Amino acid sequence: MNKKVEKAINEQINAELWSAYLYLSMSAHFANEGLNGFANWFRIQWQEETTHAMKFFDYLIARGGKPELKPIKAVDTKWNSPLHAFEETLKHEKVVTSLINNIMDVAIEEKDHATKGFLQWFVDEQVEEEANAQELIDTLKLIKGEGNGLFMIDRELKQRTFVDETAGAE
Ligand code: FEO
């Protein structure tokens, strides 16, 4: 496969695993704080990011490329509040969106139409990722991040279950 596209996708495998690592760290933080709903939400986010990494991984193999796993950047281990964690999540997802857009630019430059088609799923997914983080930021601001409201949100986030959205989406 095209070497520039292969390199860009390899970098993205690393970025998705870095995202997974960040959210697992957030999950550990909230479990430690006794906010088990938030811990659950971020643990599922970790699973989702792992499926994103694997979607890129499998795509490289399907196209005759080779996944190359590089060291994963360190992540924070503490956040001041749930609001702070979701603000960091939104910031992180915006970085991921720009990385996806960059790979799309490479695929367009290299006239790799198959990769363009493949990437569209991630372009759409990023819209959802940013919207989810923004919605939680808005809710946490509304309740001022404390008391009964926080308890209710924690309870709601405990209901989140993992759905592999990449399954069957090629
Ligand atoms: Fe894999 Fe949160 O983007």
Side-chain angles (χ1 to χ4, degrees), residues 5-31 35 37-63 65 67-79 82-108 112 114-140 153 156-170:
V5 174
E6 182 179 20
K7 183 168 180 284
I9 291 182
N10 260 316
E11 283 165 7
Q12 194 60 29
I13 291 172
N14 189 274
E16 299 290 345
L17 291 172
W18 171 52
S19 303
Y21 208 45
L22 172 66
Y23 298 138
L24 191 59
S25 185
M26 286 179 173
S27 180
H29 169 76
F30 287 115
L35 287 168
F38 286 91
N40 176 59
W41 196 93
F42 281 110
R43 190 183 174 104
I44 286 165
Q45 200 63 19
W46 157 69
Q47 281 179 289
E48 273 202 7
E49 298 301 350
T50 304
T51 65
H52 295 171
M54 291 314 293
K55 192 172 167 73
F56 281 111
F57 184 100
D58 290 339
Y59 180 71
L60 270 193
I61 291 174
R63 294 286 310 280
E68 285 183 356
L69 303 181
K70 300 274 171 29
I72 298 168
K73 246 198 303 189
V75 292
D76 287 341
T77 55
K78 259 181 106 160
W79 291 269
L83 177 60
H84 180 219
F86 278 105
E87 282 171 341
E88 291 295 307
T89 296
L90 181 58
K91 220 197 284 175
H92 184 85
E93 289 302 331
K94 285 185 174 175
V95 171
V96 173
T97 300
S98 69
L99 294 174
I100 301 276
N101 288 340
N102 289 344
I103 315 176
M104 186 65 105
D105 290 344
V106 175
I108 290 167
D112 183 343
T115 298
K116 275 163 49 188
F118 168 78
L119 286 172
Q120 191 57 48
W121 184 89
F122 284 95
V123 171
D124 298 340
E125 173 68 11
Q126 283 311 118
V127 173
E128 206 182 296
E129 293 274 71
E130 288 187 24
N132 289 343
Q134 186 64 59
E135 195 184 324
L136 280 152
I137 288 171
D138 294 344
T139 309
L140 285 163
I153 294 170
E156 195 184 311
L157 297 186
K158 210 177 274 176
Q159 310 302 320
R160 187 183 186 195
T161 53
F162 175 64
V163 179
D164 185 356
E165 290 175 355
T166 67
E170 277 312 320

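Only heavy atoms go into these numbers, but all of them, side chains included; no hydrogens, no water, no symmetry mates. As the structure lists them, so they are numbered: ligands from 1, and atoms in each ligand from 1. Just so you know, these numbers come straight off a predicted model, no measurement behind them.
- For a distance bound of 2.8 Å, the N, O or S atoms of Glu16 include one lying that close to atom 1 (Fe) of ligand 1.
- Ion pairing of Lys55 with Glu125 is absent here, as no side-chain N (NZ or NE/NH1/NH2) approaches a carboxylate O to less than 4.0 Å.
- The atom of His52 that is an N, O or S and sits closest to atom 1 (Fe) of ligand 1 is ND1.
- Nearest N/O/S atom of Glu49 with respect to atom 2 (Fe) of ligand 1 is recorded as OE2.
- Within Glu129, the N/O/S atom positioned nearest atom 2 (Fe) of ligand 1 carries the name OE2.
- The closest side-chain donor-acceptor pair between Glu87 and His84, if any, does not fall under 3.5 angstrom.
- Side-chain atoms of Asp76 do not come within 3.5 Å of backbone N or O of Lys78 as any donor-acceptor pair.
- Formation of a donor-acceptor pair under 3.5 Å by the Gln134 side chain with backbone atoms of Leu90 is not found in this model.
- For atom 2 (Fe) of ligand 1, the N/O/S atoms of Glu93 include one lying under 2.8 Å.
- Gln12 and Glu16 form a side-chain donor-acceptor contact under 3.5 Å, judged by distance and modelled atom types alone.
- Using a cut-off of 2.8 Å, one finds that Glu125 contributes no N/O/S atom close to atom 2 (Fe) of ligand 1.
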